[in-house]
Amino acid sequence: RFQRLDYVYLNAGIMPSPHLNIGAVLSSLFSRKVIHVFSTAEGLLTQDDRVTAHGLQEVFATNVFGHFVLIRELDPLLGRGDSPSQLIWTSSRSARKANFSLEDFQHSRGQEPYSSSKYALDLLSVALNRNFNQRGLFSSVVCPGTMLTNLTYGILPRFVWTLIMPIIWLLRFFANAFTLTPYNGAEALVWLFRQKPESLNPQTKYLSATTGFGSNYVTTEKMDLDDDTAEKFYRSLLELERHLRATLLSTD
């Protein structure tokens, strides 16, 4: 039906079987890193990653590889014609270089599959810009901040959320990452829709932010990565795609 796509929003954030680390919560409350920890959930949640039927790590396959294959399939519709196409990935403030390894990019041996997958998205976005800007395809990454949804509420009983909400509202005056609602979290995604993609910095992450009094705005963060690693990761994804397609064809 369509000859081109102008915008593609890519949002995957699976965190399988998240469990709250009560000890980490209590120790964080009395540490200097309390705002950072609660803004990113770093170290607060443990996750049980699994292996898919195709032999891929589930978090990597859902958050990164599936979307990569989708973009590859949509290639004929992207960056064609007189106006550019824009990819907008939902990344996270919890994306950490320390949790990602190029030698184990599926994170089969680590304990932070979510953080690793979000850092992988940052790398992929940079690589896509390097390879396809010249033909009119641009990529950006955003973070919606810390939002409370039905998924979030499923991590803890409702009464626990009721008890800790005053703390979260208080922290909001010290950290702009507590957007709390999906409406507030969408601020950076809507803002990007209104920008000229060629004017955006490919090494920048665009963050939804909310003041303590509830005003929304967009802030930026320079991503902690380099072009060489991004390109190597992109080539690794291409190789994995080729291998998986060959495997599926041979099975069929």
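Heavy-atom basis, side chains included; hydrogens, waters and symmetry copies ignored.
Side chain of T247 to main chain of H243: a donor-acceptor pair is present (N/O by atom type, distance under 3.5 Å, no hydrogens or angles). Between the S208 side chain and the G185 main chain, a donor and an acceptor come within less than 3.5 Å of each other. Judged by distance alone, the side chain of N184 and the main-chain N or O of L180 form no donor-acceptor pair under 3.5 Å. Panel note: side chain S85, backbone L5; a donor-acceptor pair is recorded below 3.5 Å. Between the side chain of H107 and the backbone N or O of S115 there is no donor-acceptor pair closer than 3.5 Å. A donor-acceptor pair under 3.5 Å is absent between the side-chain atoms of T62 and the main chain of V59, judged by distance alone. Remark: side-chain polar atoms of S92 are not paired, donor with acceptor, to backbone N or O of K118 under 3.5 angstrom. Distance alone, capped at 3.5 Å, is enough to place a donor-acceptor pair between the D104 side chain and the R109 backbone. Formation of a donor-acceptor pair under 3.5 Å by the H67 side chain with backbone atoms of I71 is not found in this model.
Taking 4.0 Å as the cut-off between side-chain N and carboxylate O, R235 and E231 count as a salt-bridged pair. Ion pairing between E112 and R96 fails under the 4.0 Å rule for side-chain N and carboxylate O.
Across D228 and R130, no two heavy atoms sit closer than the pair N-NH1, 4.3 Å. Of all non-hydrogen atoms in L102 and T229, the two that sit nearest each other are CD1-O, 4.2 Å. Nearest heavy-atom pair across K205 and S91 is NZ-OG, 3.3 Å. For R135 against D75, the heavy-atom pair with the smallest separation is NH2-OD1, 2.8 Å. Closest of all the heavy-atom pairs between A230 and A127 is O-CB, 3.5 Å. Listed here is the closest heavy atom pair of T179 and P144: OG1-O, 2.8 Å.
Using a 4.5 Å heavy-atom cutoff, the side chains of S140 and Q86 are in contact. For the pair L77 and Q3, the minimum side-chain heavy-atom distance is 4.5 Å or more. For the pair T181/L148, no side-chain contact is recorded, criterion being any heavy-atom separation below 4.5 Å from C-beta on. L238 is listed as a side-chain neighbour of R72, based on a closest heavy-atom distance under 4.5 Å. Taking 4.5 Å as the limit, some side-chain heavy atom of L207 sits within range of a side-chain heavy atom of R93.
Side-chain atoms of Y217 and N176 form a donor-acceptor pair, as typed in the model, at a separation below 3.5 Å. When only modelled atom types and interatomic distance are considered, N133 and E198 share no side-chain donor-acceptor pair under 3.5 Å. Using modelled atom types, one finds a donor on one side chain and an acceptor on the other under 3.5 Å when comparing E103 with S101. Side-chain contact of N216 with T210: a donor-acceptor pair under 3.5 Å is present, judged by distance alone.
Linking ILVMFWY residues whenever their side-chain heavy atoms come closer than 4.5 Å, directly or via other members, places Y119 and L87 in the same cluster. Hydrophobic clustering (side-chain heavy atoms under 4.5 Å, transitive across Ile, Leu, Val, Met, Phe, Trp, Tyr) keeps V218 apart from Y183. No continuous path of hydrophobic side-chain contacts links V141 to Y206 [ILVMFWY only; heavy atoms under 4.5 Å]. Note: the hydrophobic cluster containing V51 does not contain L56 (ILVMFWY, side chain heavy atoms under 4.5 Å, direct or indirect links). Follow the hydrophobic side-chain contacts under 4.5 Å out from V142 and you never reach V190; the two are in separate clusters.
Every residue two or more places apart in sequence or in another chain that forms a ring-ring contact (aromatic ring centres under 6.0 Å, His included) with F65 is listed here: F60. Partners of L170 under the side chain to side chain contact (heavy atoms under 4.5 Å, CB included) rule, at least two apart in sequence or in another chain, are F174.
Taking the six-membered ring for Trp and the full ring otherwise, F213 and F173 have centroids separated by under 6.0 Å. With ring centers used as reference points, F100 lies under 6.0 Å from F233.
More than 12 non-hydrogen atoms from other residues, nucleotides or ligands lie less than 6.0 angstrom from OH of Y7.
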Is there a side chain to side chain contact (heavy atoms under 4.5 Å, CB included) between I88 and L10 once you walk through the steps? CA-CA 6 Å; I88 300 174; L10 299 142; over 6 Å; no
Take L225 and K97 through the test side chain to side chain contact (heavy atoms under 4.5 Å, CB included) and record every step on the way to the result. CA-CA 7 Å; L225 49 77; K97 185 176 184 177; over 6 Å; no
Check against side chain to side chain contact (heavy atoms under 4.5 Å, CB included), N129 and Q203: CA-CA 10 Å; N129 280 311; Q203 296 271 356; over 6 Å; no
With side chain to side chain contact (heavy atoms under 4.5 Å, CB included) as the criterion, how do F178 and W169 come out once you've worked through the C-alpha distance, each side chain's angles and the decisive distance to 0.1 Å? CA-CA 8 Å; F178 290 98; W169 281 98; over 6 Å; no
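With rounding to the nearest 0.5 angstrom, the OG atom of S116 is 9.5 Å from the CG atom of D49. Note that the CG atom of L240 and the CD atom of Q106 stand 6.0 Å from one another [nearest 0.5 Å]. Note that CG of L137 is 6.5 Å distant from CG of L128, once rounded to the nearest 0.5 Å. For the atom pair CZ of R172 and OG1 of T146, the computed distance is 10.5 Å after rounding to the nearest 0.5 Å. Atom-to-atom distance recorded for E58:CD and N63:CG is 9.5 Å, nearest 0.5 angstrom. Expressed to the nearest 0.5 Å, how far CZ of F138 lies from OG of S199 amounts to 9.0 Å.
Under the side-chain contact (heavy atoms from CB on, under 4.5 Å) rule, W89 has a single partner from V64, D122, L121, N11, which is L121.
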